[in-house]
Amino acid sequence: MRILLSNDDGYFAPGLACLAELLSQIAEIIVVAPERDRSGSSNSLTLDRPLSLHKSHNGFYYVNGTPTDCVHLAVTGMLDVMPDMIVSGVNDGANMGDDTIYSGTVAAATEGFLLGIPSLAVSLVGASRGNYLTAARVAADMVRRFRENEIPSSILLNINVPDIEYQQLEGIEVTRLGRRHKAEPVIKSQTPRGERVYWVGAAGAAQDAGKGTDFYAVQHNRVSVTPLQIDLTRYDQLDLITRWLNN
């Protein structure tokens with residue numbers, strides 16, 4: 001089995017190293033990741049300049065672009081053989097609820113999905129204790145499941161793992177995305193030269209975090225697995241907007 005690994009924290013991130021070490025025991029892997037932290041880059045492609053591909057001392061390839069660039073470049077121009085699966089992560093922090101819109105981790109997996117490859121986005125919720133091995137073991141479990149019982153459909157799974165020891169996990173739960181409160185306001189600051197600058201505020205706290213959501217599962221020490229789709233059409237408003245335009 002051939003697996004393409006990527007992330008949004010950069011090719012030097014501990015979560016990626018842990019994931020690569022574990023998955024290399026069960027599959028042939030290749031790593032193509034951003035040269036620096038590209039968290040929050042979402043599904044952006046670099047179209048205003050060429051991309052460069054380099055190989056690090058540890059064998060990982062890195063690109064001067066976004067997570068989406070990395071997967072797109074690898075699948076459509078670098079690799080001679082299509083990978084069987086794409087795994088993005090392990091992200092340093094949660095990608096739950098509204099986070100998925102902005103997440104570069106989810107974006108790398110999404111690009112694989114759009115290119116017709118089963119894809120997983122794996123995140124460690126909290127990450128203050130650094131249990132990347134727990135998340136990597138969960139990813140390996142998912143890869144084994146897919147290898148032994150392939151899903152007869154295209155899949156894009158968003159996986160969030162509590163930051164605890166693997167033995168402390170209370171199982172796996174298939175969930176829907178929760179919702180957050182709106183983000184905190186930007187933080188105004190000033191450079192030593194007196195220039196006004198702004199830092200983007202922190203993500204909002206969980207708002208819709210009831211039973212069945214990713215927030216709820218992780219809070220109860222369970223791995224959250226959310227199947228995602230790309231169709232953004234709001235079908236329940238098609239008739240409403242049609243009537244509005246006709247008026």
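Each residue takes its place number in the sequence, starting with 1.
- Looking at every heavy atom in both residues, S123 comes nearest to N91 through OG-CB, 3.5 Å.
- G89 and L19 make their closest contact through O-CD2, 3.5 Å (heavy atoms, listed as atom of the first residue, atom of the second, distance).
- One finds the CD1 atom of I117 at 5.0 Å from the CE atom of M82 (value rounded to the nearest 0.5 Å).
- The hydrophobic cluster containing I172 does not contain V174, counting ILVMFWY residues as joined when their side-chain heavy atoms lie under 4.5 angstrom apart, directly or transitively.
- Both I30 and I86 belong to a common hydrophobic cluster when Ile, Leu, Val, Met, Phe, Trp and Tyr are linked at side-chain heavy-atom distances under 4.5 angstrom.
- With rounding to the nearest 0.5 Å, the separation of OH in Y132 from CD in E21 is 15.0 Å.
- Between V122 and V138, every side-chain heavy-atom pair lies at or beyond the 4.5 Å cut-off.
- Between the side chain of S39 and the main chain of D9, no donor-acceptor pair closer than 3.5 Å is present.
- Under the 4.5 Å side-chain contact rule for hydrophobic residues, V63 and L5 do not share a cluster.
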Going through the distances and angles, do V106 and S88 end up as a side chain to side chain contact (heavy atoms under 4.5 Å, CB included)? CA-CA 7 Å; V106 175; S88 177; over 6 Å; no

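- A donor-acceptor pair under 3.5 Å links the side-chain atoms of N158 to the main chain of N95, judged by distance alone.
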Before you tell me yes or no, could you show the steps for L177 and D214 under side chain to side chain contact (heavy atoms under 4.5 Å, CB included), namely the whole-Å CA-CA distance, both residues' side-chain angles and the distance that decides it to 0.1 Å? CA-CA 6 Å; L177 296 179; D214 44 9; 3.4 Å; yes

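- A donor-acceptor contact shorter than 3.5 Å is absent between the side chain of S41 and the backbone of G104.
- Between the side chain of D8 and the main chain of P67, no donor-acceptor pair closer than 3.5 Å is present.
- Inter-residue side-chain proximity for E165 and N131 is flagged as met; some heavy-atom pair is nearer than 4.5 Å.
- Between V75 and E111 the shortest side-chain heavy-atom distance does not fall below 4.5 Å.
- Proximity of a side-chain donor or acceptor of D37 to a complementary backbone N or O of G10 within less than 3.5 Å is not detected.
- Residues P162 and V125 have side chains not in contact (no heavy-atom distance under 4.5 Å, counting atoms from C-beta outward).
- Around the CZ atom of R234, the shell of radius 6.0 Å holds no more than 12 heavy atoms that belong to other residues, nucleotides or ligands.
- Considering only heavy atoms from C-beta on, Y235 comes within 4.5 Å of L238 through its side chain.
- Within the structure, salt bridge (Lys or Arg N to Asp or Glu O under 4.0 Å) contacts touching residues 216-227 (residues at least two apart or in different chains) are E173-R222.
- The two atoms that bring N7 and A13 nearest to each other are ND2-CB, 3.7 Å, heavy atoms only.
- Here the straight-line distance linking atom CZ of F215 with atom CG of N160 works out to 8.5 Å at 0.5 Å rounding.
- Distance check, rounded to the nearest 0.5 Å: CD of E195 to CD of Q190 gives 9.0 Å.
- When each of L51, T68, L45, T46 is paired with L73, the side-chain contact (heavy atoms from CB on, under 4.5 Å) condition holds for L51 and for no other.
- In this structure, Y62 and K55 approach most closely via the heavy-atom pair CE2-C, 4.1 Å.
- There is no path of hydrophobic side-chain contacts, each under 4.5 Å, that joins V71 to V90.
- Between T175 and T226, the side chains place a donor N or O and an acceptor N or O closer than 3.5 Å (distance only, hydrogens not considered).
- In the model, T66 has a side-chain atom that pairs as donor or acceptor with a side-chain atom of D69 under 3.5 Å.
- In terms of modelled atom types and a separation under 3.5 Å, the side chain of R147 and the main chain of I26 share a donor-acceptor contact.
- Atom OG1 in T105 sits 12.0 Å away from atom CD1 in I159 (nearest 0.5 Å).
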Check the pair L16 / F60 against side chain to side chain contact (heavy atoms under 4.5 Å, CB included), numbers first and verdict last. CA-CA 10 Å; L16 180 64; F60 294 179; 4.1 Å; yes

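- Counting only heavy atoms from C-beta outward, the side chains of M1 and M85 approach each other to under 4.5 Å.
- Separating the NZ atom in K211 from the OG1 atom in T213 is a distance of 11.5 Å, to the nearest 0.5 Å.
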Decide side chain to side chain contact (heavy atoms under 4.5 Å, CB included) for T134 and R129; before the verdict, give the C-alpha distance in whole Å, the side-chain angles of both, and the deciding distance to 0.1 Å. CA-CA 11 Å; T134 299; R129 301 188 190 98; over 6 Å; no

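- Closest non-hydrogen pair, S6 versus C70, comes out as OG-CB, 3.7 Å.
- Cluster membership check: I3 does not share its hydrophobic cluster with M78, using side-chain heavy-atom separations under 4.5 Å among Ile, Leu, Val, Met, Phe, Trp and Tyr.
- Considering every non-hydrogen atom in both Y216 and G210, the closest pair reads CB-O, 3.1 Å.
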I'd like a table of donor-acceptor pairs (distance under 3.5 Å, sequence neighbours excluded) in which one partner is a side-chain atom from residues 148-157, with atom names and distances.
none

